[in-house]
Number of protein chains: 2
Amino acid sequence: MITIQQLSQELGIGVDTLRVWERRFGFPTPERNTRGHRLYPPAQIDDLRIIKKLQNLGHRPKQLFALTAAERRALLNQQHVDDRHHDLQQLVTTVAAAQLDKELRTQLQQRGIEAFILEFAVPLLEVMDRGWLTGKLSIAREHLLSDCLATILKEQLVPRAYGPRIVFTTLSGERHKLGLLLSAVLFHQQGCDCHLVMEELPVAEVLSIVDFFAADAVALSFSIQIAPRQAKRDLAWLRKGLPSHIKMIAGGFALRNGMHLPGISVCTDLGQISSLCAREFPDLNLQKPTG
Amino acid sequence: MITIQQLSQELGIGVDTLRVWERRFGFPTPERNTRGHRLYPPAQIDDLRIIKKLQNLGHRPKQLFALTAAERRALLNQQHVDDRHHDLQQLVTTVAAAQLDKELRTQLQQRGIEAFILEFAVPLLEVMDRGWLTGKLSIAREHLLSDCLATILKEQLVPRAYGPRIVFTTLSGERHKLGLLLSAVLFHQQGCDCHLVMEELPVAEVLSIVDFFAADAVALSFSIQIAPRQAKRDLAWLRKGLPSHIKMIAGGFALRNGMHLPGISVCTDLGQISSLCAREFPDLNLQKPTG
DNA sequence: ATCATATTTTGTCCTAGACAATAAGATAGT
DNA sequence: ACTATCTTATTGTCTAGGACAAAATATGAT
């Protein structure tokens with residue numbers, strides 16, 4: 001039995017949203033304490049967790065609440081994991097923790113950094129996301145994998161004395177920081193001097209940090225869990241707060257639906273990074289002709 | 001001009017709290033858009049930031065709102081930084097980024113891990129906290145220092161094949177993860193097998209992770225920014241959800257006012273860790289007689 | 001099929017009142 | 001003078017039901 005605030009943190013759903021769902025759809029139906037405050041029983045929490053996952057998979061609340069709890073559960077099980085990457089699934093679900101690091105490093109050496117990210121890490125993340133959503137991957141294992149991958153990728157970010165300096169970070173509320181890391185390494189590979197601040201920063205702190213690093217650009221990542229509205233608001237605010245000579249780069253699934261913000265380069269596909277780099281930092285080629 | 005939600009994230013103050021302050025104290029007095037929604041101007045945001053800092057320094061809202069903005073600013077400037085640690089202040093504010101790592105490592109080698117933490121890192125954190133609160137330390141520099149210290153400390157956490165296994169983590173909303181890291185290293189030094197998950201986890205995920213690691217105990221850190229109420233609720237909930245044979249250890253300033261939760265060891269001072277270890281894991285001495 | 005327009009859906013914000021948990025102040029007892 | 005218990009004040013979180021713009025979907029026209 002948890003309070004509405006705890007539930008909100010647990011699921012990453014706003015308190016207001018939880019209440020309005022109850023009003024509109026008649027679910028959840030929490031019990032009440034003597035004060036009349038909501039107390040959510042475990043069964044409903046589990047159900048809401050499924051709803052949230054299905055929502056992230058593209059289903060809309062109206063449809064989901066029209067189903068019974070059992071139907072929703074069935075719908076989630078029915079979501080198939082992409083089976084093109086059968087080898088990746090094995091890696092994700094079965095390879096032992098101790099071998100994981102070695103396996104990842106082997107892949108990195110075989111493919112080279114760029115291909116490792118685009119052809120291996122990106123699909124890996126997709127399989128992981130999907131595995132987590134469909135309940136086939138434990139949270140703990142996901143953390144283990146993320147950690148392992150993050151350690152290896154961070155090693156690639158050796159400082160550069162030349163090239164445009166870019167600060168990579170995420171804003172408050174953003175739990176997924178791996179996409180940011182992947183993009184940072186790709187920009188680094190293109191010859192940029194990338195600085196990673198893997199924390200959830202309030203927008204005001206971003207200004208301070210960009211200034212401190214004397215960065216030429218700031219890159220931000222917005223995962224699907226962030227409401228597009230919020231991403232838009234924060235990006236617009238940040239653009240107004242930053243000097244105009246500092247470029248802004250934004251990416252992530254929250255921006256997938258064409259978003260045109262003046263003075264901000266939006267990039268929803270990691271494959272576009274090299275062309276984005278060429279566009280935004282044209283003098284890069286001079287310094288590093290073998291792009 | 002930012003919305004109430006953005007302001008809430010920016011300051012770490014609840015949306016409801018911001019509204020109730022306005023109702024009770026007549027401040028802040030945000031403008032409104034055409035919908036009647038609050039829009040906070042920059043000057044008031046700065047003032048609220050000062051209020052939040054003073055609140056963290058122990059002042060109460062009632063008193064603070066009775067003052068003018070200028071008086072609050074004066075009060076904050078008047079808060080003196082502890083001058084016993086003058087050398088630390090220099091380190092914090094003036095030592096160059098490149099030398100920082102070297103300086104910290106020198107200190108570590110001279111003092112040994114335990115003394116480095118208790119006699120150097122802890123005061124350092126205090127000076128940093130205070131420096132940030134009183135505006136004498138930029139956010140960016142604070143990040144740089146934290147990062148540098150974290151990197152060095154993490155290296156100390158080499159896995160152990162023996163000793164009680166403890167998972168260290170923080171719950172959703174906890175921004176300060178450095179205290180957790182310090183305690184993890186101290187426990188490690190006492191002979192425990194410490195695993196660090198430096199993320200803000202929902203309570204349900206903590207259960208999953210403790211299970212995954214097959215841990216004997218879980219340690220949680222609650223900084224001053226967390227409301228004691230919330231810490232209490234989460235700890236109680238977690239205790240109920242965890243098997244009784246798994247120990248719980250909680251620490252941090254949010255628990256400073258004697259909190260007695262059944263089945264949870266509370267430790268608000270890092271100096272107590274060795275005795276806490278002796279109490280909770282009595283067979284440690286047998287494996288590592290030179291404590 | 002592609003684009004512009006109408007409709008539904010959805011999340012966030014509003015007001016004003018309530019109350020328990022916490023902290024502070026007051027009183028009594030060693 | 002100092003600690004323990006009681007009383008009062010302060011503070012944060014929760015409630016209800018209404019409102020509306022932004023996003024998503026359906027409809028119609030080219």
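Quantities reported herein were computed from a predicted structural model and do not represent experimental measurements.
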Discussion item. Once you apply a heavy-atom cut-off of 4.0 Å, does R38(A) come out as touching a base, just sugar-phosphate, or nothing?
Written reply: sugar-phosphate
Worksheet item: Which whole-number value in Å describes the distance from R19(A) CZ to dG11(C) C1'?
Response: 13 Å
Discussion item. Parallel, tilted or perpendicular: which one describes the rings of F27(A) and F65(A), with boundaries at 30° and 60°?
Written reply: tilted
Practice prompt. Find the distance L235(A):CG to dA22(D):C1' and express it as a whole number of Å.
Written response: 16 Å
Worksheet entry | Backbone N/O of P262(A) and side chain of R239(A): donor-acceptor pair under 3.5 Å | no
Practice prompt. Return the residues of residues 42-66 of chain B meeting this criterion: a heavy atom under 4.0 Å from some atom of DNA chain D. Order them by number, or give none.
Written response: Q55(B), R60(B), P61(B), K62(B)
Fill in: Phosphate OP1/OP2 of dA18(C) contacted by R23(B) side-chain N/O (<4.0 Å)
no
Fill in: G36(A) or P228(A), whichever maps to the more 5' nucleotide of DNA chain D
G36(A)
Discussion item. Could you measure the distance from the CD atom of E205(B) to the CD atom of E200(B)? Nearest 0.5 Å is fine.
Written reply: 11.5 Å
Worksheet entry | Backbone of T169(A) reached by a side-chain donor or acceptor of S221(A) within 3.5 Å | no
Worksheet item: Would a 4.5 Å heavy-atom cut-off, applied to side chains only, mark M128(A) and L137(A) as touching?
Response: yes
Worksheet item: Taking OH from Y40(B) and P from dC13(C), how many angstroms apart are they, rounded to a whole number?
Response: 10 Å
Worksheet item: How many Å lie between CZ on R229(A) and P on dC20(D), as a whole number?
Response: 16 Å
Worksheet item: Out of curiosity, R19(B) CZ to S8(B) OG, how far, rounded to the nearest 0.5 Å?
Response: 9.5 Å
Response to the item:
In whole angstroms, the gap separating P of dT15(D) from CZ of R35(A) amounts to 9 Å
Item to complete: Mind calculating the distance between CD1 (I13(A)) and P (dT10(C)) to the nearest angstrom?
Response: 13 Å
Worksheet item: Does T29(A) offer a backbone N or O that forms a donor-acceptor pair with the side chain of Q44(A) under 3.5 Å?
Response: yes
Worksheet item: Does dT10(C) have OP1 or OP2 sitting under 4.0 Å from an N or O in the side chain of W21(A)?
Response: no
Worksheet item: Counting side-chain heavy atoms from C-beta on, which of dT12(C), dC13(C), dT15(C) comes nearest to T3(B)?
Response: dC13(C)
Worksheet item: Does R24(A) put a side-chain nitrogen or oxygen below 4.0 Å from OP1 or OP2 of dG18(D)?
Response: no
Item to complete: Report the residue (Q5(A) or H37(B)) whose heavy-atom-nearest nucleotide on DNA chain D is the more 5′ of the two.
Response: Q5(A)
Discussion item. I need the CG-C1' distance between N33(B) and dA19(D), as an integer number of Å.
Written reply: 12 Å
Fill in: Between P of dT15(D) and CD of E31(A), the distance in whole Å
14 Å
Worksheet item: Counting only side-chain N and O atoms of T17(B), is one of them less than 4.0 Å from OP1 or OP2 of dT13(D)?
Response: yes
Response to the item:
On DNA chain C, more 5' by nearest nucleotide between D16(A) and F25(A) is F25(A)
